Amino acid sequence: MNIHEYQAKELLKSFGIPIPRGVVVHSPDEARDAAKSLGGHLFVVKAQIHAGGRGAGHYSGEPACSGVRLVKTPDEARTAAYEMLDRTLITRQTGPQGRVVRKLYIEEGCPIERELYFSMLIDRAERCIVIVASEAGGMSIEDVAEKMPDKIRKVAIDPALGLADHQSRELATRLGLHGSQIHQFAEIVRSAYTAFTTLDAALIETNPLVVLKDGSLLILDAKMAFDDNGLFRHKAILELRDPNEEDPREQEAARFGLSYVGLDGTIGCMVNGAGLAMATMDIIHEEGESPANFLDVGGGASKEKVSAAFRILLGDSRIEGVLVNIFGGIMRCDVIADAVISACREVGLHVPLVVRLAGTRVEEGMALITNSGLNVIVATDLGDAARKIVAAVRARRTA
Ligand code: ADP
Ligand code: MG
């Protein structure tokens, strides 16, 4: 689960990490009042969406207006807010469709001397939390990795020993920090590590972490993501969820306790078991098409759950075909067949459907499908199912 920049900053602040003062607003008038309350002569108006690259992004149809605007007066903050709210911001991370900006963060403008990159994440290969840092802050870390890989520093944190202060101090030196900045940096790293482990985070990314003209360190941008499996023990984090920023298909699936991940392809997959779901996605790729989702309906799913899953698949406007691939173990094939049939009747089957069933009560399940009167293509094994759905989707495209 992801959260907004202003939420990440509030959380990090509660762990003692220095951030600029700021106020979240929902209207141009609130933006002006926020700037007035902050005082000073420089304000930053920042679009709050779950995507980075806002500073280099632009509003749909307005190439000159980015998602991070520096202004000098409260009235200019009001005008900027007027130009940014309820419009679609397009950045490298939003994709071409962009995202509608519903909230802004008004922050005090800070006199920047240097911009650094600092993040903490779980490295699956290293099987531990790693720090990634760079003296090339402000730009996307993907670009740094591509153009100047030698400017990226990685430090692994031993899970048994925890973060050692000397690791942070060495890193600070390599980032070109000196004097009291080394201590400040080590404090930030220590606090970030505490926040990361306490909150079951998956990522804390600060880009930029800046050195101000007076030599002090501050976090100007923050992104946090959390491990969904740990959320049950962090009710306060769950409260930060913003449904506007999430895939509606995934939200609906979560309501029914389905394990669902929306993807960009056009073949909807309903499978039981994560391994079989992965294999099904692979074999669709092998046949030259792409899955629209990962969906594991689980072991003992009820008819309601399976129907809900099927409705989510059919409700996706991008879908061009559906592949049901079930191995009945605890799950019975006749339950699946029954649920698929009733969901098709309810929503209307407007795309080709291939069903492959195997295992417990397969004969009963197949009989239900063939006697349903629905236009279902039956497959005997996984390879056969993938070939049939791809052929059907392609035939429909050229029809
Ligand atoms: P994004 O990464 O989405 O582009 P950032 O929050 O990193 O958004 O902002 C982009 C740039 O804007 C930063 O690299 C920094 O140079 C500048 N910036 C952001 N916040 C402030 C601030 N409070 N004061 C001064 N400059 C800022
Ligand atoms: Mg940034």
Side-chain angles (χ1 to χ4, degrees), residues 249-250 253 258-301 303 305-344 347 349-399:
R249 299 173 298 177
E250 290 182 7
L258 293 160
S259 178
Y260 178 99
V261 181
L263 301 168
D264 296 334
T266 60
I267 298 184
C269 304
M270 186 164 92
V271 190
N272 65 331
L276 190 57
M278 299 299 277
T280 306
M281 291 160 62
D282 281 350
I283 205 156
I284 289 172
H285 271 296
E286 200 89 335
E287 292 296 327
E289 292 290 332
S290 303
N293 63 283
F294 165 94
L295 169 59
D296 170 12
V297 292
K303 182 181 165 189
K305 204 164 158 179
V306 176
S307 292
F310 210 72
R311 279 199 308 273
I312 293 167
L313 294 189
L314 290 180
D316 185 341
S317 59
R318 280 171 295 188
I319 223 94
E320 293 183 76
V322 174
L323 172 54
V324 174
N325 183 27
I326 299 289
F327 182 79
I330 301 169
M331 173 67 85
R332 284 167 28 190
C333 291
D334 55 341
V335 171
I336 289 282
D338 193 21
V340 166
I341 292 164
S342 63
C344 285
V347 210
L349 183 62
H350 56 284
V351 292
L353 167 64
V354 172
V355 175
R356 181 255 175 165
L357 299 175
T360 310
R361 296 233 198 181
V362 64
E363 287 85 9
E364 288 88 338
M366 286 324 265
L368 283 174
I369 299 262
T370 36
N371 297 330
S372 68
L374 289 168
N375 186 14
V376 178
I377 305 164
V378 173
T380 50
D381 60 40
L382 183 45
D384 186 41
R387 278 189 297 277
K388 281 179 173 160
I389 190 62
V390 167
V393 162
R394 289 185 176 164
R396 181 168 173 267
R397 264 183 216 151
T398 50

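Since the structure is predicted, the reported quantities are computational estimates derived from the model, not experimental observations. Along the sequence shown, residues are numbered consecutively beginning with 1. Just so it is clear, the values below take in all heavy atoms, side chains as well, and ignore hydrogens, waters and symmetry mates.
Taken from CG in Asp338 to SG in Cys333, the straight-line distance is 12.5 Å, to the nearest 0.5 Å. Annotation: the span from Asp296 atom CG to Leu258 atom CG amounts to 8.5 Å, rounded to 0.5 Å. Taking CD1 of Ile283 as the start and CG of Asn325 as the end, the distance is 9.0 Å to the nearest 0.5 Å.
For the pair Ser290 and His285, the minimum side-chain heavy-atom distance is below 4.5 Å. Between Ile377 and Val355 there is no side-chain heavy-atom pair separated by less than 4.5 Å. Looking at heavy atoms from C-beta onward, Leu295 lies in side-chain contact with Val297 at the 4.5 angstrom threshold. A heavy-atom distance below 4.5 Å is found between the side chains of Val362 and Leu357. Two residues are said to be in side-chain contact when any heavy atoms from C-beta on lie closer than 4.5 Å; Leu374 and Ile369 fail this criterion. At a threshold of 4.5 Å between non-hydrogen side-chain atoms, the residues Met331 and Val306 count as touching. For the pair Cys344/Leu353, a side-chain contact is recorded, criterion being any heavy-atom separation below 4.5 Å from C-beta on. In this structure the side chain of Val354 never reaches within 4.5 angstrom of the side chain of Val324, judged on heavy atoms.
Using a distance-only test at 3.5 Å, with no hydrogens or angles considered, a donor-acceptor pair links the side chain of Thr360 to the main chain of Gly328. Panel note: side chain Asp384, backbone Thr380; a donor-acceptor pair is recorded below 3.5 Å.
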Expected list for residues 260-278: side-chain donor-acceptor pairs under 3.5 angstrom, two or more places apart:
residue, atom, partner, partner atom, Å
Thr266, OG1, Glu320, OE2, 3.1
Asn272, OD1, Phe327, N, 3.0
Asn272, ND2, Phe327, O, 2.8

With a cut-off of 3.5 Å and sequence neighbours excluded, list every side-chain donor-acceptor pair involving residues 307-317.
residue, atom, partner, partner atom, Å
Ser307, OG, Lys303, O, 3.0
Asp316, OD1, Arg318, N, 3.0
Asp316, OD2, Arg249, NH1, 2.5

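For the pair Gly288 and Arg394, the tightest heavy-atom approach, listed with the atom from each and the gap, is O-NH2, 3.2 Å. Closest of all the heavy-atom pairs between Arg396 and His350 is NH2-O, 3.6 Å. Here the shortest heavy-atom pairing between Pro291 and Ile284 reads N-CG2, 4.0 Å.
A search for salt bridge (charged side-chain N to carboxylate O under 4.0 Å, His left out) contacts involving Asp282 returns nothing, not counting sequence neighbours.
Salt-bridge formation is not detected for the pair Arg332/Glu364: no Lys NZ or Arg NE/NH1/NH2 atom is positioned less than 4.0 Å from an Asp or Glu carboxylate oxygen. Ion pairing between a basic and an acidic side chain is recognised when a charged N comes within 4.0 Å of a carboxylate O; Glu287 and Lys388 show no such pairing.
Environment of CG in Asn375: sparse, with no more than 12 heavy atoms of neighbouring residues, nucleotides or ligands closer than 6.0 Å.
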